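Throughout, numbering of the chain's residues begins at 1 and tracks the sequence. Every value quoted in this text rests on a predicted model; they were computed, and no experiment measured them.
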Amino acid sequence: MSTFHFLFGCSVAAMFFGLLLYVIFGQITVRKLRKNPKTKHALGLEFASGWDILNVAQALATPRRIHKILENSQLSFLHANSELISEHTNRFDKVLAIVFFWIFMGSGCCMLILISLNELGILAD
């Protein structure tokens, strides 16, 4: 087994775990926020079904200073309102968002990097 296959397999396993957390986070946290009239329209733009789950996870997982910059830009309608969402979530929701978001994004980025390195011949068999 080559290094590429081993690392890519680890990334796929992490992505699978991230997808399980995606469903759990959507069912526990985002469903609660969708039902709340105060937070219903503060979840950001939904490009596709379920995109608001990623918006909420990003709002809870990224540092507030960075998210404030995103919310004050011209594209603020794309992002969830981090202050309002933070007020209506508990500690478990925030920890679940952090774990889900960084596993999901980290494994996705890792897969893209591995595929690029393999195509360039850096991780050849």
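- Rounded to the nearest 0.5 angstrom, L7 CG and L117 CG are separated by 10.0 Å.
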Discussion item. Please determine whether side chain to side chain contact (heavy atoms under 4.5 Å, CB included) holds for the pair L60 and I98, giving the CA-CA distance in whole Å, both sets of side-chain angles, and the decisive distance to 0.1 Å.
Written reply: CA-CA 7 Å; L60 293 173; I98 291 169; 5.8 Å; no
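- With contacts defined as side-chain heavy-atom distances shorter than 4.5 Å, the pair F8/N118 does not qualify.
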Practice prompt. Starting from the C-alpha separation in whole Å, work towards a yes-or-no answer on side chain to side chain contact (heavy atoms under 4.5 Å, CB included) for V99 and F25.
Written response: CA-CA 10 Å; V99 172; F25 182 71; over 6 Å; no
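- The closest side-chain heavy-atom distance from T62 to F101 is below 4.5 Å.
- Put simply, CZ on R34 and CG on L43 are 7.5 Å apart, with the number rounded to the nearest 0.5 Å.
- Interatomic distance, T89 OG1 to R91 CZ, rounded to the nearest 0.5 Å: 11.5 Å.
- In the hydrophobic clustering of ILVMFWY residues, with side-chain heavy atoms under 4.5 Å counting as a link, V56 and L84 come out apart.
- Scanning both residues, H79 and Q58, for their nearest heavy atoms gives ND1-OE1, 3.8 Å.
- The shortest non-hydrogen separation linking F104 to L19 is CE1-CD2, 3.5 Å.
- Contact check for T29 versus K94: no side-chain heavy atoms found under the 4.5 Å cut-off.
- The CG atom of D52 sits 9.0 Å away from the CD1 atom of I85 when rounded to the nearest 0.5 Å.
- Residues F17 and V95 are members of one and the same hydrophobic cluster, defined by side-chain heavy-atom contacts under 4.5 angstrom among Ile, Leu, Val, Met, Phe, Trp and Tyr.
- At distances below 3.5 Å, not a single donor-acceptor pair connects side-chain atoms of T39 with backbone N or O atoms of A42.
- The pair E83-K68 counts as a salt bridge, with a side-chain nitrogen and a carboxylate oxygen less than 4.0 angstrom apart.
- Remark: T3 OG1 to I122 CD1 distance equals 13.0 Å, nearest 0.5 Å.
- Closest approach of G50 and E46 over heavy atoms only: N-OE2, 2.9 Å.
- A distance of 10.5 Å separates CZ in R31 from CD1 in I53, rounded to the nearest 0.5 Å.
- Annotation for A14 and I103: closest pair O-CG2, 3.4 Å, computed over non-hydrogen atoms.
- Note on W102 and V23: same hydrophobic cluster, where clusters join Ile, Leu, Val, Met, Phe, Trp and Tyr whose side-chain heavy atoms are under 4.5 Å apart, directly or indirectly.
- Note: the hydrophobic cluster containing I69 does not contain L45 (ILVMFWY, side chain heavy atoms under 4.5 Å, direct or indirect links).
- Here the side chains of L78 and F47 are in contact, with some heavy-atom distance below 4.5 Å.
- Note on F4 and L112: separate hydrophobic clusters, where clusters join Ile, Leu, Val, Met, Phe, Trp and Tyr whose side-chain heavy atoms are under 4.5 Å apart, directly or indirectly.
- Contact between A59 and S82 at its shortest, heavy atoms only, is O-CB, 3.8 Å.
- Looking only at side-chain heavy atoms (C-beta outward), H88 and L33 come within less than 4.5 Å of each other.
- The closest side-chain donor-acceptor pair between S86 and R64 falls under 3.5 angstrom.
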Discussion item. With side chain to side chain contact (heavy atoms under 4.5 Å, CB included) as the criterion, how do K32 and N90 come out once you've worked through the C-alpha distance, each side chain's angles and the decisive distance to 0.1 Å?
Written reply: CA-CA 11 Å; K32 174 177 54 175; N90 56 29; 4.3 Å; yes
Practice prompt. For the pair V30 and N55, evaluate side chain to side chain contact (heavy atoms under 4.5 Å, CB included) and give the outcome as yes or no after the intermediate values.
Written response: CA-CA 10 Å; V30 179; N55 285 340; over 6 Å; no
